[in-house]
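The structure appears right after this line, and notes come after that.
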There are 2 protein chains.
Amino acid sequence: MMYQKKTPTILDCGLHLFMEVMSGKWKISLLWSIYHGIKRPSGIHKTITQASRRVLDAQLNQLVLHGLISRKDYHIKPYKVEYSLTELGHSLIPVIETTARWGEENRLVLEEKIFSCSID
Amino acid sequence: MMYQKKTPTILDCGLHLFMEVMSGKWKISLLWSIYHGIKRPSGIHKTITQASRRVLDAQLNQLVLHGLISRKDYHIKPYKVEYSLTELGHSLIPVIETTARWGEENRLVLEEKIFSCSID
DNA sequence: TTTGATACGGACAAATTTATCCGTTATTGC
DNA sequence: GCAATAACGGATAAATTTGTCCGTATCAAA
């Protein structure tokens, strides 16, 4: 069962919409894997070993519900399931690349700041 | 006292860096207000009435610690404090605009999906 | 002198997200 | 049969974020 929000979601501006569907610790990595052709849940898990399979499944479900990826079940035994980006998911790639570029360009400063926050 | 993280922060890719400094329910609105010339805490609060002053202060502090805004205390009575974007904060504006544009372009679909998640 | 504006943050509760533990089903290979 | 792989999700604990309730201080104006 999925968690039921108790406070209203704010979607004033487009950035809030973006944050809403992107928030989730592993979602970026998941989208990235799928974009790079790793489609099966087990394969994805092998590329994101820090997270448990359970958690990845949950976030994959959210991505599906938000319409960024689609899930194809081949209905064969042994099981086979594949995820792929939807059109909406694809439209997100250049946006992700823009933000990722900003992060990389400022990595040194950002890492230092983030680090100093986590000690005092 | 600020919360002490217990699990390691993941900063593999630039997008994670972006998410790290942008995560926080009111940060976008705060940056937006400051960018648009509303600099004093009380004024900012008037533009974001859904949040309590306490919460806004906390997130403003985080933005300062992450180096996105700077805080100038005029050391006069009655109190006067002003926030402004740092160079790093400014460099974020076009990135925010890119993601916001994506959100707006897909608002209809996204709102519908987000909404349907919140009912079943 | 009481009210209101400015500014800030401790202490704690509530909401939300993430992680861990385990149980299910079915197939392949040894 | 027994272990490994593939797939999925309930129940619950732990971590993290957000919100609420207060208390501090200074000054101005009514």
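Quick note: numbers below take in every heavy atom, side chains included, and nothing from hydrogens, waters or symmetry partners. Letters A, B, ... mirror the listed sequences (proteins, then strands); counts begin at 1.
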Worksheet item: Going by an N to O cut-off under 4.0 Å, is there a salt bridge joining A/Glu104 and A/Arg101?
Response: no

Practice prompt. Verify the distance criterion only: is there a donor paired with an acceptor across the side chains of A/Thr86 and A/Ser70 at less than 3.5 Å?
Written response: no

Counting only pairs under 3.5 Å, give me each side-chain donor-acceptor contact of residues 8-18 of chain A, with atom names and distances, residues two or more places apart or in other chains.
none

Nearest whole angstrom, please: distance from the [atom2] of [N] to the [atom1] of [X].
X: B/Lys25; N: D/dT20; atom1: NZ; atom2: C1'; answer: 13 Å
X: B/Gln62; N: D/dT17; atom1: CD; atom2: C1'; answer: 9 Å
X: B/Gln50; N: D/dT20; atom1: CD; atom2: C1'; answer: 17 Å
X: A/Lys6; N: D/dG19; atom1: NZ; atom2: C1'; answer: 14 Å

Fill in: Any pair counted as salt bridge (Lys or Arg N to Asp or Glu O under 4.0 Å), so long as it reaches residues 63-74 of chain B, sequence neighbours left out
B/Arg71-B/Asp73

Discussion item. Taking salt bridge (Lys or Arg N to Asp or Glu O under 4.0 Å) as the cut-off, I'd like each qualifying pair that reaches into residues 43-59 of chain B, sequence neighbours left out, listed once.
Written reply: B/Arg53-B/Asp57

Worksheet item: Which letter, B, S or -, goes with each nucleotide of nucleotides 3-9 of chain D from 5' to 3', with contact meaning a protein heavy atom under 4.0 Å?
Response: ---BSBB

Item to complete: For A/Val55 and for A/Lys5, locate the closest nucleotide of DNA chain C by heavy-atom distance; then report the residue assigned to the nucleotide nearer the 5' terminus.
Response: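 It is A/Lys5 whose nearest nucleotide is closer to the 5' end.
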
Worksheet item: First contact, last contact: which nucleotides of DNA chain C are these for chain A, 5' to 3', heavy-atom distance under 4.0 Å?
Response: C/dA15 to C/dT27

Fill in: Terminal axis angle for the helix from C/dT1-D/dA30 to C/dC30-D/dG1, five pairs an end, nearest 10 degrees
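Nearest ten degrees gives 10° for this helix.
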
Worksheet entry | Any A/Ile38 side-chain heavy atom under 4.5 Å of A/Ile34 side chain |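 No, side chains not in contact.
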
Worksheet item: Heavy atoms, side chains only, cut-off 4.5 Å: are A/Met22 and A/Leu92 in contact?
Response: yes

Discussion item. If hydrophobic clusters are built by linking Ile, Leu, Val, Met, Phe, Trp and Tyr wherever their side-chain heavy atoms come under 4.5 Å apart, do A/Val95 and A/Tyr35 end up in the same one?
Written reply: yes

Worksheet entry | Verdict with supporting geometry, A/Lys5 and A/Glu20, salt bridge (Lys or Arg N to Asp or Glu O under 4.0 Å) | CA-CA 13 Å; A/Lys5 276 222 172 73; A/Glu20 183 70 18; 3.4 Å; yes

Discussion item. Is the terminal nitrogen or CZ of A/Lys39 (NZ for Lys, CZ for Arg) located under 6.0 angstrom from the six-membered ring centre of A/Tyr83 and within 45° of that ring's axis?
Written reply: no

Discussion item. Any base atoms under 4.0 Å from B/Ser23, or only sugar-phosphate, or nothing? Heavy atoms, all strands.
Written reply: nothing

Discussion item. Would the distance check show the side chain of B/Lys27 and the main-chain N or O of B/Ser23 forming a donor-acceptor pair, the cut-off being under 3.5 Å?
Written reply: yes

